[in-house]
Amino acid sequence: MTAVAGARGTLRGNGPTVAVLARTWSTQSEAGWALRQVAGAIACFADVHVITPQGKHPARRADGVFTVHELGSAPDPALEARRDVLVDAVLAAGGSQDFMRRVAPLELVTSARSDDPAVRVVEALVTGELAACWEPGIGVLSEIGPQVVVVADYRQVGTLRMLDQLHPEVPLAVVPLGTDLDAMVFPAFAPLFERAAAALVFTESELHTLERAYGDGLVRNVGLPMSANRGVLREPNAYLRERDYVLVLTGTSQESAERSAALARLLCARFARQNVAVVTTSSFTVSLNGIAGRPQPAAAGSDLLRLMAWARAMVDLRPGRLLARRCLESLLYSTPIVVPAASRAQEHALAGGGLWFEQPSELLWCVEAMLDPRLSDKLGVQGRHYAEMRYGSTDSFVENVASAIGLRGERRQERSHAES
């Protein structure tokens, strides 16, 4: 295995054991699913031990190709909430030096950390009380003796205290899972990136944000392994059959007072003469020429993919904050997207796969434009090309991850570890 030089250290992929430090280990969120893909790629070359504070009691268990060590030491949720509220409050106020609005280079980030009182409060919290949950992991790390450590979540600066006590020289990579770009470069979290030899991200938004803050050489956009399930193309949804329709995802319940649910109702009212399928977390409603029906309680899994694949366009009113996975899935079926501006999904639309909106009137215009097959077909083709190039190859993803953290060599596992 060869060495990879990082911006602030060298990753020497000279061993078969990698420790992944994760606040939680689950696939219920986009971030959890993406992290598992990274761990699966690493498992092609090394033994992967996942260490997490979650669990009621300390436990060790097998999870597929991974060995999971639950420490049973999760921090008080109130402390984590306090951390996030403090960061949000500073960002909302603009900060005493307005450092989040101009994403300073590393020298200014360090200066802000030492001079700003609000930053010092957050720094004391993440390196103090919130760091304590990782202390039981010292024994696990000592036992497994990892050659590389991967820290998930930019907020887990507390892991450094454990690593400095036991493995101060171990090569470190970080998977920031940057759902909030401003918070990701908040100065209190800078020590994690300063120590890291590599940062693995999944979107250009994360990459550009971190490069502006920490310079070139640290960050690598590794993509993700995604593919279209061609089985859903054999036949459309039985209720919609081969009708032309627009699919709308709200990301919330039908009865919700949130903006996404209100916008879905607006779309149904405005396009009463069109076919609109609305999927919420609790229902699946289809309006065929103004007549609403509920063919099934909800649509998920392959049923949702089938709706995406046969739609004229998909409107995701609440896309995932890390990578907007549903939008990428839609593009893989050549179905263009309409998404909120300033969302992570806008990156995919800007790449040629769709349109974006700020105001409700703009949303209506975008959907009306998508009803023209000449536009929607063109955007669908462009979007599919983009999605396949960036996210459509498992082999490329595995090689990108291995290269980023220095694990080059013969694969120890031939199977794909990606999970849906």
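None of these values were measured; they are calculated from a predicted model.
- Counting only residues at least two apart or on different chains, the ring-ring contact (aromatic ring centres under 6.0 Å, His included) pairs with a member in residues 122-164 are Y154-F189.
- With hydrogens and angles disregarded, a donor-acceptor distance shorter than 3.5 Å links the side chain of T209 to the backbone of S205.
- Using a 4.5 Å heavy-atom threshold, the side chains of V140 and H49 count as separate.
- By the 4.5 Å heavy-atom criterion applied to side chains, V68 and R60 are not counted as neighbours.
- Counting only distance, with no hydrogens or angles, the side chain of S403 and the backbone of N400 share no donor-acceptor pair below 3.5 Å.
- A 4.5 Å side-chain heavy-atom check between L332 and R384 finds every atom pair outside the cut-off.
- Not counting sequence neighbours, the partners of A277 by the side chain to side chain contact (heavy atoms under 4.5 Å, CB included) test are L240, Y245, L247, F284, V286.
- Residue-environment remark: CZ (R374) stays at or below the threshold of 12 foreign heavy atoms within 6.0 Å.
- Between the side chains of Q54 and T24, not a single donor N or O lies within less than 3.5 Å of an accepting N or O.
- Checked against side chain to side chain contact (heavy atoms under 4.5 Å, CB included), S302 has the following partners two or more places apart in sequence or in another chain: V232.
- Put simply, the side chain of H348 never gets that close to the backbone of R325: no donor and acceptor are under 3.5 Å apart.
- Pairs of residues two or more places apart, or lying in two chains, that qualify as salt bridge (Lys or Arg N to Asp or Glu O under 4.0 Å) and include a residue from residues 19-35 are R23-E80.
- Between the side chains of S283 and T280, at least one donor-acceptor pair of N or O atoms lies under 3.5 Å.
- The heavy-atom pair separating L200 from V222 by the smallest distance is CG-CG1, 4.0 Å.
- Scanning for side-chain hydrogen bond (donor to acceptor under 3.5 Å, both in side chains) contacts around R82 gives an empty result, with sequence neighbours left out.
- Using a 4.5 Å cut-off on side-chain heavy atoms (C-beta onward), F66 and V20 make no contact.
- Of the possible donor and acceptor atoms, one in the side chain of E347 sits under 3.5 Å from a partner among the backbone N and O of E204.
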Result block: side-chain N/O donor-acceptor pairs under 3.5 angstrom for residues 353-366, not counting sequence neighbours:
from	atom 1	to	atom 2	distance (Å)
E362	OE1	E358	N	2.6
E362	OE1	Q359	N	3.2

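- Take D76 and apply the salt bridge (charged side-chain N to carboxylate O under 4.0 Å, His left out) test, not counting sequence neighbours, and it matches no residue.
- Minimum heavy-atom separation, V248 to A264: CG1-CB, 4.1 Å.
- Remark: R265 pairs with no residue by the salt bridge (charged side-chain N to carboxylate O under 4.0 Å, His left out) rule, at least two apart or across chains.
- One N or O on the side chain of T281 and one on the backbone of T252 form a donor-acceptor pair closer than 3.5 Å.
- No side-chain donor-acceptor contact under 3.5 Å links Y391 to the backbone of E329.
- Side-chain contact between V339 and C327: present, with at least one pair of heavy atoms (C-beta onward) separated by less than 4.5 Å.
- Annotation: the span from L125 atom CG to L130 atom CG amounts to 4.5 Å, rounded to 0.5 Å.
- Residues P187 and E123 are not in side-chain contact: their nearest non-hydrogen atoms beyond the backbone lie 4.5 Å or more apart.
- Scanning for salt bridge (charged side-chain N to carboxylate O under 4.0 Å, His left out) contacts around R83 gives an empty result, with sequence neighbours left out.
- Between the side chains of S376 and R312, at least one donor-acceptor pair of N or O atoms lies under 3.5 Å.
- Side-chain contact between C44 and V398 is present, with at least one heavy-atom pair separated by less than 4.5 Å.
- For the pair T335 (side chain) and M308 (backbone), a donor-acceptor distance under 3.5 Å is present.
- With sequence neighbours excluded, the residues satisfying side-chain hydrogen bond (donor to acceptor under 3.5 Å, both in side chains) with E368 are R270.
- Residue pairs that meet the salt bridge (Lys or Arg N to Asp or Glu O under 4.0 Å) test with at least one member in residues 276-285, sequence neighbours left out, do not exist here.
- Residue pairs meeting the salt bridge (Lys or Arg N to Asp or Glu O under 4.0 Å) criterion with at least one partner in residues 330-340, sequence neighbours excluded, are absent.
- A donor-acceptor pair under 3.5 Å is formed between the side chain of S260 and the backbone N or O of T250.
- Remark: M370 CE to L375 CG distance equals 5.5 Å, nearest 0.5 Å.
- Checking side-chain atoms of E388 against main-chain N and O of Y386 turns up no donor-acceptor pair under 3.5 Å.
- Closest non-hydrogen pair, L328 versus A387, comes out as O-CB, 4.3 Å.
- Judged by distance alone, with hydrogens and angles left aside, the side-chain atoms of E143 form no donor-acceptor pair with the main-chain N or O of G139 at under 3.5 Å.
- Annotation: side chain of P176 is in contact with side chain of E206 (closest heavy-atom distance under 4.5 Å).
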